[in-house]
Amino acid sequence: MSYTSGIGGYSISMPEGWERTEDGANVRFADKLHTFSVDITCWSGPLTIDTVTSTEIPLLTQSIPAFELVDVTAVSLPAGDAVLVRYHANSDPDPVTGKQHRLDVDRYLLVSNGQMAAISLAVPSGSDNVDVSNLVSQSFRWTA
């Protein structure tokens, strides 16, 4: 399924049938413990491993439950050069049981025209998410 955000100036493919939540330029798709999201923020300057390590990693450390950094690497996507942040985190507690699950997260950061897109792909730790992760990250396009 293709999703386009006129406000955010991007399009992306997501799996069919997942719950979608929109908040302005941002969107979140969820199916059980699998969550994919795009968050748009303002960005100035270059996007490098160093700038991500010094600015984004401290924010993630403070805001993500049980954040554990795996690595930060430069990658190339069809939409342009990106920085990939891989980390582990805990899911939100189940509203009934309170149980949390460990998640593997791939967070792709891309910049265009003063905007940064953060494409986050969270799945249960150890699950095979390569096909869906590739579908989502490779499909992202800036439209504006």
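Everything quoted here is computed from the prediction, not taken from an experiment.
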Cluster check Leu121, Val52: I/L/V/M/F/W/Y, side chain < 4.5 angstrom = no

Identify the two heavy atoms, one from Ile64 and one from Ala89, that lie closest to each other, and give their separation to 0.1 Å.
-> CG2-CB, 3.3 Å

Considering all heavy atoms, the nearest Gly8-Ala25 contact = CA-CB, 3.5 Å

Can Ile57 be reached from Leu109 by stepping across I, L, V, M, F, W or Y side chains whose heavy atoms are under 4.5 Å apart?
-> yes

Less than 3.5 Å apart, which donor and acceptor atoms pair up between the side chains of residues 137-144 and the rest of the protein, not counting sequence neighbours?
from	atom 1	to	atom 2	distance (Å)
Ser137	OG	Ser133	O	2.9
Ser139	OG	Ser13	N	2.8
Ser139	OG	Leu135	O	3.0
Ser139	OG	Val136	O	2.9
Arg141	NH1	Gln138	O	2.7
Thr143	OG1	Gly9	O	3.2
Thr143	OG1	Tyr10	N	3.2

Looking only at side chains, do Arg107 and Ser120 share a donor and an acceptor under 3.5 Å apart?
-> yes

Counting only pairs under 3.5 Å, give me each side-chain donor-acceptor contact of residues 90-101, with atom names and distances, residues two or more places apart or in other chains.
from	atom 1	to	atom 2	distance (Å)
Asn90	OD1	Arg102	NH1	2.9
Ser91	OG	His101	N	2.8
Asp94	OD1	Val96	N	2.7
Asp94	OD1	Thr97	N	2.9
Asp94	OD1	Thr97	OG1	3.4
Thr97	OG1	Lys99	N	3.1
Gln100	NE2	Ser91	O	2.9

Start with the C-alpha distance between Ile40 and Asn26, add both sets of side-chain angles, then the distance that settles side chain to side chain contact (heavy atoms under 4.5 Å, CB included), and finish with yes or no.
-> CA-CA 6 Å; Ile40 302 295; Asn26 305 328; 3.9 Å; yes

Just wondering, do Gln62 and Leu60 contact through their side chains at under 4.5 Å, heavy atoms?
-> no

Would you mind reporting whether Thr55 and Trp43 have side-chain heavy atoms less than 4.5 Å apart?
-> yes

Which of Phe29, Trp18, Tyr108 passes ring pair (Phe, Tyr, Trp, His ring centres under 6.0 Å) with Phe36? It is Trp18

For Asp71, does the CG atom sit with more than 12 other heavy atoms under 6.0 Å from it, leaving out its own atoms?
-> yes

Compile the donor-acceptor pairs under 3.5 Å between side chains in residues 74-88 and protein atoms, sequence neighbours left out, one pair per line.
from	atom 1	to	atom 2	distance (Å)
Arg86	NE	Asp106	OD1	2.9
His88	ND1	Asp104	OD1	2.8

So, do Leu103 and Val123 sit near enough that their side-chain heavy atoms are less than 4.5 Å apart?
-> no

Test item: His34 and Pro124 side chains (from C-beta on) under 4.5 Å apart, heavy atoms | yes

Joint hydrophobic cluster, Phe67 plus Val105, side-chain heavy atoms closer than 4.5 Å | yes

Is there a donor-acceptor pair closer than 3.5 Å between any side-chain N or O of Ser63 and the backbone N or O of Leu59?
-> yes

Could you tell me whether the side chain of Arg20 reaches within less than 4.5 Å of the side chain of Val27, counting heavy atoms only?
-> yes

Determine, stepwise, if the pair Ile12 / Ile119 fulfils side chain to side chain contact (heavy atoms under 4.5 Å, CB included).
-> CA-CA 10 Å; Ile12 194 164; Ile119 306 162; 4.1 Å; yes

Interatomic spacing from SG in Cys42 to CD in Gln115 - rounded to 0.5 Å = 7.0 Å

Answer yes or no: is there a side-chain heavy-atom contact under 4.5 Å between Asp39 and Ser37?
-> yes

Heavy-atom side-chain contact between Glu19 and Arg28 under 4.5 Å = no

